[in-house]
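Lettering follows sequence order; numbering is per chain, from 1. Scope of the values below: all heavy atoms of this structure, side chains included, with no hydrogens, waters or symmetry mates.
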Number of protein chains: 2
Amino acid sequence: MTITIKDVAKRANVAPSTVSRVIANNPNISMRTKEKVRSVMEELGYYPNVNARNLVNNRTNVIGVIMPSASYAPFQNPFFPEVLRGITAEANEKRYGLYLSTSQTEEAILDEVKDMVHSRRVDGLILLYSTIDDPVIDFLLEKSFPFVIVGQPAEQLREAVSFVNNDNVKAAKMMTEYLLLLKHNRIAFIGGRSDAFVTIDRKSGYCEALEAAGIELDESLMVYHDEIFEGGEKAVIELMSRKTPPSAMIVTDDLMALGVLRMLFSMNISVPDDMSVVSFNNVLMSKLSTPPLTTLDIRIFELGYKAAQMVRQRILDPETPPKGLIVDHHLIRRATSKTYVE
Amino acid sequence: MTITIKDVAKRANVAPSTVSRVIANNPNISMRTKEKVRSVMEELGYYPNVNARNLVNNRTNVIGVIMPSASYAPFQNPFFPEVLRGITAEANEKRYGLYLSTSQTEEAILDEVKDMVHSRRVDGLILLYSTIDDPVIDFLLEKSFPFVIVGQPAEQLREAVSFVNNDNVKAAKMMTEYLLLLKHNRIAFIGGRSDAFVTIDRKSGYCEALEAAGIELDESLMVYHDEIFEGGEKAVIELMSRKTPPSAMIVTDDLMALGVLRMLFSMNISVPDDMSVVSFNNVLMSKLSTPPLTTLDIRIFELGYKAAQMVRQRILDPETPPKGLIVDHHLIRRATSKTYVE
DNA sequence: TTGTATGCGTTATCAG
DNA sequence: CTGATAACGCATACAA
């Protein structure tokens, strides 16, 4: 008993096609009929049926968002909500809908993506993760389906796919230089999964800065841990056990840095007096910690916003060559960093 | 150029309707043709077009999720990602898709909901917020569209709508009793927006416990703040300025409690030695703070999971009367609470 | 400027 | 057990 274009047509004494044209705001429909039709639509409470529309248009005006497989991780890390917020903002502006993936394993994700693409559920995809040899990407590339990666794509794909990312090398270099300028010369590096592109890139930046400063790299000061929070705690134990412990630590993730802070606190090592700690991402939590973290804002919201912009662009004209977009970063000085004193 | 049910039919030498039946796994199709058709589907790489299917079925197998309007807030508070995780899990199990609202103002949300409903974009909705006199709810009720609220519905709607919630009165009462048993007798209450149902209910529980213990209520020990984090800081300033400051604080939100902790720290008031602090929600952050928070786990994931279950149920048979579901809570003792000593 | 006719890819009804 | 055929609601090519 839902009211359709035909009902409107009948009531307005026009053909269904005319109503359709009014909806599309077709320029060569007289103002007079437009108004008439519109008022009837209003009167009858007409709403277009998206499914019918999608069917004939072969287009849904919906963007799919694919979360990483680590079933729990994605939503634990404030990074994801924040990108999502950026995506949401852009999508809303442009009247696009958002369809969220729900799969929890790599295999299921691949299936879901295939389904989304084949069944024409979405017009384009945003991948909120990036791993090497991802079959999802191969699939999308083969189908030439519009998509954008948030993060760093695998080396061999840099030219082939669109992505939005930070310059993590440069970012980490800057953070290291900052500590160097604060007179620190034993600076530790605490990273996440050592095979993640973020970790790799940030480590490179760290090393570059040290080398440029003529400081010899010390592998014993670089540690990696998978666990987002506990990893930070473990790292501190390891690092403080070195013969000459560092006076500063660069942590690749704010949450991990919270673990670091807590372990240091429990060891009675005062931050920033006895130890400087800087991290990356500037998630909300980083300003709520005690003491608040000096961190690098990577503009997560913008990453999402731009990604949404890019998919839409690729949806609209799929022929334009893919491109990588780099989003700026900004140092947020708070209370965990301080000049080194003997 | 996409391959349809007709292509499969032709190739398998059957009618399109037969293919359709095979897809639906219709029992009265011979095993023989079923297999033949299936193999052709495989061979041709056939995927059903959801839009066509939705059109004729008038059903999408998609659940819509409506976030609160406070444009930034939702994703800042770890509560939302976590409910979303629960919803996601259930939806995935049952092969339902998730459609996310993107609107940022109350007005826009109403429009978006109307659109989602009228245009048949989703089969049911989950509202991740609950305010009094919400026009969205009136609309959904009037359309008898399946939906579930996560949170406490307005008094006059308790019987009319389905919802999933905690028993916040009982929860707060328990937290208060816990502090009472730790010999605290000046216990402060720090709440969020005073017109939010959560705040109201938790305050009630707090009062109930105090009264039961024969402790006179002291309005000067109850403060409210809208800002999720700064609110905690302000509250501490106010409360510690009282003639006789409290020895314990009940904070209605973990994030706010972080603000509390930080302000206490800066005042050199040691937690838990000089002040006990307990809060609600048990979001990830609460265990990462220094010291880790004693808090009440409200099973956020389960709230989402059950909500998804309930909408599906209401979608499948809309006739069953609405019901309210209460999810359990659990005290998580960590390091911010301690027996009171003079 | 507007109407007619047809198709989008499925499912469902009705025959056979 | 299977095949024709008519919807589902909309958009567009072609006519008028």
- Note on the structure: Heavy atoms of A:Leu128 and A:Phe80 approach each other most closely as O-CE2, 3.3 Å
- Task: Please work out if A:Asn28 contacts a base, only the sugar-phosphate, or nothing of the nucleic acid, heavy-atom cut-off 4.0 Å.
- Result: base
- Note on the structure: Separation of C:dT1 atom C1' from A:Asn25 atom CG, nearest Å, is 15 Å
- Item | Side-chain heavy atoms of A:Val136 within contact of A:Tyr129, under 4.5 Å | yes
- Give the ring-plane orientation class for B:His118 versus A:Tyr47, where under 30° counts as parallel, over 60° as perpendicular and anything between as tilted. parallel
- Task: May I have the step-by-step check of salt bridge (charged side-chain N to carboxylate O under 4.0 Å, His left out) for B:Arg38 and B:Glu35, ending in yes or no?
- Result: CA-CA 5 Å; B:Arg38 289 219 177 93; B:Glu35 273 164 12; over 6 Å; no
- Message: Does B:Asp7 reach a base, just sugar-phosphate, or nothing at all? Heavy atoms under 4.0 Å.
- Response: nothing
- When the nearest nucleotide of DNA chain D is assigned to B:Ile29 and to B:Val56 on a heavy-atom basis, which residue is associated with the more 5' position? B:Ile29
- Query: Once you round it to whole Å, what is the distance between C1' of C:dA12 and CZ of B:Arg53?
  - Reply: 14 Å
- Write out all pairs satisfying side-chain hydrogen bond (donor to acceptor under 3.5 Å, both in side chains) with one or both partners inside residues 108-117 of chain A, taking only residues at least two apart or from two chains. A:Ser103-A:Glu112
- Task: Take atom CG of B:Asn58 and atom P of C:dT11, then tell me their distance rounded to the nearest Å.
- Result: 14 Å
- Could you check whether B:Ser20 gets within reach of a base, just the sugar-phosphate, or nothing at all, counting any heavy atom under 4.0 Å? base
- Query: Between atom CG in B:Asn57 and atom C1' in C:dA12, what is the gap in whole Å?
  - Reply: 10 Å
- Query: Across the strands shown, which category fits A:Pro16 at heavy-atom distances under 4.0 angstrom: base, sugar-phosphate, nothing?
  - Reply: nothing
- Message: Students often get this wrong, so: under 4.0 angstrom with heavy atoms, is A:Val19 touching a base, only sugar-phosphate, or nothing?
- Response: nothing
- Query: Axis-to-axis angle across the helix from C:dT1-D:dA16 to C:dG16-D:dC1, five pairs an end, to 10 degrees?
  - Reply: 40°
- Query: CD1 of A:Ile23 versus P of C:dT2: gap in Å, rounded?
  - Reply: 15 Å
- With a 4.0 angstrom cut-off to heavy atoms of chain B, pull out the first and last contacting nucleotide of DNA chain D, in 5'-to-3' order. D:dC1 to D:dG9
- Quick one: do B:Asn61 and B:Lys94 satisfy side chain to side chain donor-acceptor pair (under 3.5 Å)? Show the steps, please. CA-CA 9 Å; B:Asn61 268 50; B:Lys94 297 306 184 299; over 6 Å; no
- Query: Side chains of A:Ile23 and A:Met41: does their closest heavy-atom pair fall under 4.5 Å?
  - Reply: yes
- Message: Which residues pass the salt bridge (charged side-chain N to carboxylate O under 4.0 Å, His left out) test with A:Arg120, not counting sequence neighbours?
- Response: none
- Task: Using atom CG of B:Asn26 as one end and atom C1' of C:dT11 as the other, report the distance to the nearest whole Å.
- Result: 11 Å
- Item | side-chain N/O A:Ser30 vs C:dT2 OP1/OP2, d < 4.0 Å | yes
- A:Lys6: salt bridge (charged side-chain N to carboxylate O under 4.0 Å, His left out) partners, not counting sequence neighbours: none
- For the residue pair A:Ser130 and A:Gln152, what are the closest heavy atoms and their distance? OG-O, 2.5 Å
- Tell me which of A:Arg21 and B:Asn51 sits closer to the 5' end of DNA chain C, going by the nucleotide each one is nearest to. A:Arg21
- Message: With a 6.0 Å cut-off (strictly less than), is the heavy-atom count around CD of A:Glu42, excluding the residue itself, greater than 12?
- Response: no
- Query: In residues 114-123 of chain B, what residues come within less than 4.0 Å of DNA chain C, judged by heavy atoms?
  - Reply: none
- Side-chain contact check for A:Ser17: nearest option of C:dT10, C:dG3, C:dT2 is C:dG3
- Message: Other residues, nucleotides and ligands only: do more than 12 of their heavy atoms fall within 6.0 Å of NZ on A:Lys34?
- Response: yes
- Query: Between atom CD1 in A:Ile5 and atom P in C:dG3, what is the gap in whole Å?
  - Reply: 12 Å
